[in-house]
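Model, not experiment: these values are computed from the prediction. Numbered from 1 within each chain, the chains take letters A, B, ... in sequence-line order.
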Amino acid sequence: MTSKRILMGNEAIAFGAIKAGVQIASGYPGTPSSEVMETIISHAKEYGIYAEWATNEKVALETAVGAAYSGANAIVTMKQVGLNVASDPLMSLSYLGVKGSLVILVSDDPGPHSSQTEQDTRAFGHFSNIPVFDPSTPQEAYDMTKLAFELSHAMETPVILRTTTRVSHGCADVLIEEINPVSRDIEGFTKDTRWTIFPKLITQRHPLLEELQIRMSDNFSEYFNHNSFNSVSKGSSNIGIAASGVSSLYAREAIKDCQGIFSLFKAGTAYPFPEKAAYEFMKDITDLIVVEELDPYMEEQFLQIAGKYHLDINIHGKKSGSFPVSGEYDVDVAIEGINHALDKIGSESCCLSHSGAAVKAEDIPPLPIRAPTLCAGCMHRTVFYAFKKAAAKLRSQTGIDSVFSGDIGCYTLGNARPLNMVNTCLCMGAGISIAAGLSHTQEFSSGQEAKQVAFIGDSTFFHSGIAAVVSAVYNSADITIAVLDNHTTAMTGHQPHPGIGVTAMGSPAQIIDIAEVLKSCGVRMVKTIEADDLDKCIDIAGEAMQFEGPSAVVFKGRCVAICKGTGQYIVDEDKCIGCNLCINQFGCPAIFSMSSGLPVIQDTCSGCGLCAQICPSDAIVPKEVSQ
Amino acid sequence: MKFDILIAGVGGQGVVLASRLLATAAMDAGFHVATAETIGMAQREGSVTSHVRIGDDVCGSLIPQGKADLLIGLEPAEAARNLIFLGKDGNMVVNEYAIMPSTQGCGEYNPEKILEFLKDSCPGTITADFTKLAKDAGTYKAANVAMIAAAAGAGLLPFSQEYLWGVLEKMIPEKYRDVNRRVFDMAIESVSGKTGKETAKDQ
């Protein structure tokens, strides 16, 4: 029995995994991948699944690997940059393979919308010799997830299910089968030299691994005969269009008025590339247009095949200058690119056209820029402002400047005006190490001394901050670490972490206390403070910055996105002197300046009272008091 | 059949929920549907959009420029920002309630002028302060529900308002159901007699 449901791509993947009999799930949250694990977690008890949030992607993958060695069906989830963290076990794992099954869900983020990179996991599959499935819709994501588990078990290899933002974070009607709880007997771990990586083992396994790539490539070419993920259709011209993933839908819509002219090649199996099927497709055409986001991955595969078989074919894509080399694609990008290629081909057959909009872009009047910013009442704003004040004081008293290294999370938004408190940001956990590196140079623009401060969130601290703290202490880096502990993994949707005392499945857990970790790592000055009193925060920030050697302050608060606010504040217009400090200093989205020049506090105020604490005329008062 | 809806607003206004409600109602009415949502960093008070594509065939979730049949703007500037997506025969429902940008130096913003521009660009545009309407009914947060109800009430959706309320009833937690029913009814009442482009053509 099947039923139709509106599912987000990530939810569809979770249901696909549950249907395939997943027994163990691990992951680390990251946009746009997080809802896969969240959906599995919310159904875990019902289907007897063990699910956990690991401290980082490397740990998550290794945990899933252990489970798969025991014969379990395992899934691990992460975003594309998470795969970089997990790449160490990944690269070795492909030689050893797995026993049960292991699916690695990795979400790419063309744009990028919410990521540091525009990397392409299809290329990572190629690099690590691990097959990659590339769904184009939530329905395909559901079906491919099931197939990925089957393939993993049959070929004893991990399988990467690679999505992009529009597949992961798009909803669609998805046909899913009835899922019944099944018996979950796991064969168990058998001792075997196969599980212990060693140079000698690799010399034996490597040829087998390469041979497997050819077998899988042939297997995926076979898919074109019976599997809708891979398909070809013949057109009336000598021009072909190839695409994979969501780009195949953009290409199809772009050419819908010229249907039947182009031959189409769609591959849902990105790696190993189905070479035989691609060759068969290429030998009957003279021009091939490749529509794909991120890397020119397919384009390179086609170029290689053209060279290998001496095919007389022109290949048009990113490398030929027809398509943008970066950024997210859509139907309009596909139309532009295909037209560019058709122009080069000199094709008379057709030219694709855009739809006419009601209004042209140039006719739209200037609009306010609305960059993402910290929520109204966010504790991070208080901490950033405290450090800003403490740094200004340090500079005026000693002439020593400060550099602020940020990290990945909501608090990356500390870079926004008017706070401007993030001078460096690179990747998860890098803030502390970069601050340490800066401190060892002892110099700041033309030999001036500078104090190094690193901001890191609670979940990021556990992810990859601890090793950086140990290294900084060991090497006597003179840095101040500010832990922004809002008791959740906020940016990705409020997942728990080891500092909270509860597991993903909701069981009580040992709390790993961040301040105690810092102390045990040898940080000599470690202070903990609630981030609600601005003056106290400024004082402690100043004290930490003036401490010689590594120092740390754990600022504690609650994420306003999940905790009810503590009332609201309003501006008493009789007292307000119109200095607009409350607006100019914080960038709080609840406050704006009216045409009269006086500030107004909106309903989104959550009552943190930070603005009231700096108002020179005590004009910002709790709402109920004034009424 | 092909019907594309673009919902634009500011992070926190409930753009994602509005698109889920529309998508689910469209599926219940027997169509294929695909949405694209803004989730993650941009949600934090930034400009956000949801694309909702309804039709007989499966397609990519991003609406091409000039293809949207309906633009629902939860905020005037955000409606204007996405006007390039609206087709020449498309309709628009816009919330008059403006959200002023918090950060200094974002440029001048005169919501009145933007609303005028929107009405000039798309005759028959339905505008009202849906945030106030929702607040009067019990919570300003239900402006998103008010706006999709208004679109249904004005006959601008490819399915009847019963499908929409059916979904709301299923998806909204019980304790918020009454206030949402009030918002829903008041929004439909507020657009009685308005029918988007048709009205404009009649005039």
Pairwise distance CG(B:Asn82) to CG(A:Leu367) - rounded to 0.5 angstrom: 9.5 Å
Nearest-0.5 Å distance, CD1 of residue A:Ile6 to OG1 of residue B:Thr35: 7.5 Å
Heavy atoms from other residues, nucleotides or ligands near NZ of B:Lys119 exceed 12 (cutoff 6.0 Å): yes
Over all atoms of both residues, closest heavy-atom pair of A:Arg370 and B:Pro101: NH1-N, 4.0 Å
Max heavy-atom pair count under 4.5 Å with chain B, selected residue of A:Arg166, A:Glu253, A:Arg5: A:Arg166
Taking every non-hydrogen atom, the tightest pair across B:Val33 and A:Asp173: N-OD1, 2.8 Å
Side chain, backbone, both or neither of B:Val52 within contact of chain A (heavy atoms, under 4.5 Å): neither
Heavy-atom proximity to chain B below 4.5 Å, by part of A:Lys79: neither
A:Ile364, part contacting chain B, at a heavy-atom distance under 4.5 Å: both
Heavy-atom closest pair, residues B:Gly60 and A:Tyr250: CA-CE2, 4.4 Å
B:Met100 versus chain A, the contacting section by heavy-atom distance below 4.5 Å: both
Over 12 foreign heavy atoms within 6.0 Å of NZ, A:Lys360: no
Top contributor to chain B interface from A:Val331, A:Val359, A:Thr604 [non-hydrogen pairs under 4.5 Å]: A:Val359
Exceeds 12 heavy-atom contacts within 6.0 angstrom, atom OH of B:Tyr176: no
Interface moiety of A:Glu35 toward chain B, non-hydrogen atoms closer than 4.5 Å: side chain
B:Gln65 to A:Asp332 - nearest heavy-atom pair and separation: N-OD2, 2.8 Å
Residue A:Pro589 versus chain B: region with a heavy atom under 4.5 Å: both
Closest-packed option against chain A by number of heavy-atom pairs under 4.5 Å, given B:Phe117, B:Phe31, B:Phe85: B:Phe117
Contact class of B:Glu75 relative to chain A, heavy atoms under 4.5 angstrom: side chain
Gap separating the OH atom of A:Tyr329 from the CG atom of B:Leu62, nearest 0.5 angstrom: 14.0 Å
Minimal non-hydrogen separation, B:Gly87 against A:Ala358, with atom names: O-CB, 3.5 Å
A:Gln602, part contacting chain B, at a heavy-atom distance under 4.5 Å: side chain
Closest approach of B:Ile114 to A:Pro366 (non-hydrogen atoms, all atoms of both residues): CD1-O, 4.3 Å
Structural part of A:Lys4 lying under 4.5 Å from a heavy atom of chain B: both
Residue selection (most heavy-atom pairs with chain A, distance under 4.5 Å) from B:His51, B:Arg53, B:Lys113, B:Lys141: B:Arg53
Within 6.0 angstrom of A:Lys266 NZ, more than 12 heavy atoms from elsewhere: yes
A:Asn580 versus chain B, the contacting section by heavy-atom distance below 4.5 Å: neither
Point-to-point distance, once rounded to the nearest 0.5 Å, from CG of B:Asp57 to CZ of A:Arg252: 7.5 Å
